[in-house]
2 protein chains.
Amino acid sequence: MSTEAPKRLTIYDLAKLADSSPSTVSAVLNGTWRSRRISEKLATRILSVATDADYSVNMQARALRRERSGIIGMILPLYDNRYFSSIAQIFEAEARKRGLFAIVSCTNRDPQQEQDAAQMMISHRVEKLICTGATDPDSIARMCQAQGVETINLDLPGKLAPSVISANRDGARMLTKAILDRLKNCGRPNDPIIFVGGRIEDHNTRERIAGFKEALDARGIESPENNIMPCGYSGSRAAPVLDGYLLKHKALPSAIFVNSTITLEGIARWFHDQGHNMSEIVFGCFDWDPLAAVFNPHFLMVRQNVPIMVERLFELMEGARYTAGEVIEIQPEILGDLT
Amino acid sequence: MSTEAPKRLTIYDLAKLADSSPSTVSAVLNGTWRSRRISEKLATRILSVATDADYSVNMQARALRRERSGIIGMILPLYDNRYFSSIAQIFEAEARKRGLFAIVSCTNRDPQQEQDAAQMMISHRVEKLICTGATDPDSIARMCQAQGVETINLDLPGKLAPSVISANRDGARMLTKAILDRLKNCGRPNDPIIFVGGRIEDHNTRERIAGFKEALDARGIESPENNIMPCGYSGSRAAPVLDGYLLKHKALPSAIFVNSTITLEGIARWFHDQGHNMSEIVFGCFDWDPLAAVFNPHFLMVRQNVPIMVERLFELMEGARYTAGEVIEIQPEILGDLT
DNA sequence: ACATAATGCACAACCGATTGCGCAATACTG
DNA sequence: CAGTATTGCGCAATCGGTTGTGCATTATGT
């Protein structure tokens, strides 16, 4: 810990130790030695010298010379829900399988941080950049294009790069349908149902609202426009919305379409604080959390298919032909007692 | 997207464009130009050329030459619970504040993956490596030492590097005490209480068991050794343990000390599957999840103080004097209706 | 035995930044 | 106006690998 300048071993040191040359050592260590006709004997000697000297290659130098970093980057709003955290985790695992090193950065849904992080990643010469849930994917795509880095959008689509997203409209329609079935089973098929959470500016929320409306229309149920309340993603935004509804209608809605687990958290807190009972209301949440699900088996939840989404992502990266604005939609799954 | 070899701009290109020299361009771009007595006029010219050519420095080259990467690494078991995900998130934010780039890798509680990831990070020349919840922190520390990289342990302590962890024993004692208070308030002060989850091999679980016992002892309550069941971290391990208890005692315990949110998930699933009612039992969980908390306000939960832990971590990195095996313990907090 | 081919390895030029040093031009001093 | 100090900038070496090329040495063919 206290020794100053430990001076890491280089291939030059190894060359001396093994009584050989740097180029030979390099070839042996990176596996190209056969094609360079290095004798097996010398190769094993160098290899053993390297291992017992605890040598490790300097990726900076390798990347510089090869003009390929072997790194792929991802920017992500947050880690703190199951959807995003599993995206990060699976992305990393898939990258590793392919011999790539994944670096992930959280940008807190802040366009400036998104830009900065993307710039950082470009500086580190990532080979591709995945923009997950970016508030402004297109300006990042522009940046990347200017510097010759391919981008792919995940979760939220953009116009300047291909995108892999959930089938939000379908998912929302299925979720709403399940909610309506549940209401019907309770003998209240025409009771009011509201939509809470998300941002109207973002594509996913708009699609989910569209799916919500389609499902209602299909049953001939009228949906007053002001029962749709995309009040943002923060949990604290839910309380005023519910207060407002209660004040106006003197009663709670019979069902709530909740647009994210973070909104669900805010709603649950409000119910608890106000002393209302959640079990009297049908909840459908577009997003899935295992703890929420296990405590509320009657909740209907949409689980987005992260493994498939990430699989498609890598297919795109690995050269499947695609066009800039192309959007690949992955079907999510409805969980909860659908009886 | 289709242009082959876009050839990124270098300081040599900029030098030509600005009619200057690479060394001058370099100095201007990295901010050392004043000390190199470059005229303000030339500096602004170069800067404007660089910005409208969308130049970005090649960190690989910079790192190679400077022999400092500006990168710090962290290995982490998983992202999929609030404790670890907030560790990653706060670590990243703090690194960014200090002009460092954080790279985080999940290692799935697998010693081999831990080793591999650590080796990867060393190859990328991280300046420090944080081992979070590592199953075998010491062999990683040894590896790092051999290659001149400082390590710090987080969450689980090691002998060969300083560690920042939660005060597990204190937290467990406080949590157990809160559980006992709750039982007493229900008029059942001497009812059985069990401990479920975690691995006996890991330091944190052992400490928590010790704290659990201390709290019981302090009240003169006897705790049969086989009421303590560190059955692992996986959620599915909980079911057989509860089955066994029920079979033996013909009744459920009145209180359960749950050693992680993942175990809590398994327990909740078992209660649901078996048709038992969780609200008749006092639950205390060593770990915190906001959704679990909001759905079960009566749950007692321990929230580890991640912001402070990460703060201490950076203090250690920034050269506070420390000795190899030193352990810094941070007090966690008990949440839940403590009335 | 001699020409040719194959084998085994090392040389040296990169990749793109950083930085010690030196040189010219200008400013200042007496 | 000669001599020194300061200003402003570029040269070239360097970080640690990679890779095109070339030169001995040994093997093969006739």
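We name chains A, B, ... by the order of the sequence lines, and we start the count at 1 in each one. Worth saying up front: this structure is predicted, and the values here are computed from it rather than measured.
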Gap between atoms [atom1] and [atom2], on [X] and [N] respectively (whole Å):
{"X": "A/R62", "N": "D/dG16", "atom1": "CZ", "atom2": "P", "result": "15 Å"}
{"X": "B/R34", "N": "D/dG8", "atom1": "CZ", "atom2": "P", "result": "11 Å"}
{"X": "A/K16", "N": "D/dG16", "atom1": "NZ", "atom2": "P", "result": "11 Å"}
{"X": "A/L64", "N": "D/dT18", "atom1": "CG", "atom2": "P", "result": "11 Å"}
{"X": "B/R68", "N": "C/dA17", "atom1": "CZ", "atom2": "C1'", "result": "15 Å"}
{"X": "A/W33", "N": "D/dT18", "atom1": "CH2", "atom2": "C1'", "result": "18 Å"}
{"X": "B/M59", "N": "C/dG16", "atom1": "CE", "atom2": "P", "result": "16 Å"}
{"X": "B/Q60", "N": "C/dG16", "atom1": "CD", "atom2": "P", "result": "11 Å"}

Main chain of [Y], side chain of [X]: is a donor-acceptor contact present, judged purely on distance under 3.5 Å?
{"X": "A/Q60", "Y": "B/H124", "value": "yes"}
{"X": "B/T323", "Y": "B/G325", "value": "no"}
{"X": "B/N81", "Y": "B/Y83", "value": "yes"}
{"X": "A/R34", "Y": "A/G31", "value": "no"}
{"X": "A/N204", "Y": "A/D155", "value": "yes"}

Using a cut-off of 4.0 Å between protein heavy atoms and nucleotide atoms, how would you tag nucleotides 5-11 of chain C 5' to 3' with B, S and -? --BBBBB
Looking at [X], does any N or O in its side chain come under 4.0 Å of the phosphate oxygens OP1/OP2 on [N]?
{"X": "B/Y12", "N": "D/dC11", "result": "no"}
{"X": "A/R65", "N": "C/dC14", "result": "no"}
{"X": "A/N30", "N": "D/dG17", "result": "no"}

Do you see a donor-acceptor pair shorter than 3.5 Å between the side chains of A/S139 and A/Q115? yes
So which one's nearest nucleotide on DNA chain C is more toward 5', B/A61 or B/T32? B/A61
Just to be sure I understand the rule, does B/S26 reach a base, reach only the sugar-phosphate, or reach nothing, if contact means heavy atoms closer than 4.0 Å? base
dist A/E114:CD -> A/C106:SG (nearest 0.5 Å) comes out at 11.5 Å
Quick note, B/E67 side chain, CB onward, closest among C/dA17, D/dC15, C/dG16 is D/dC15
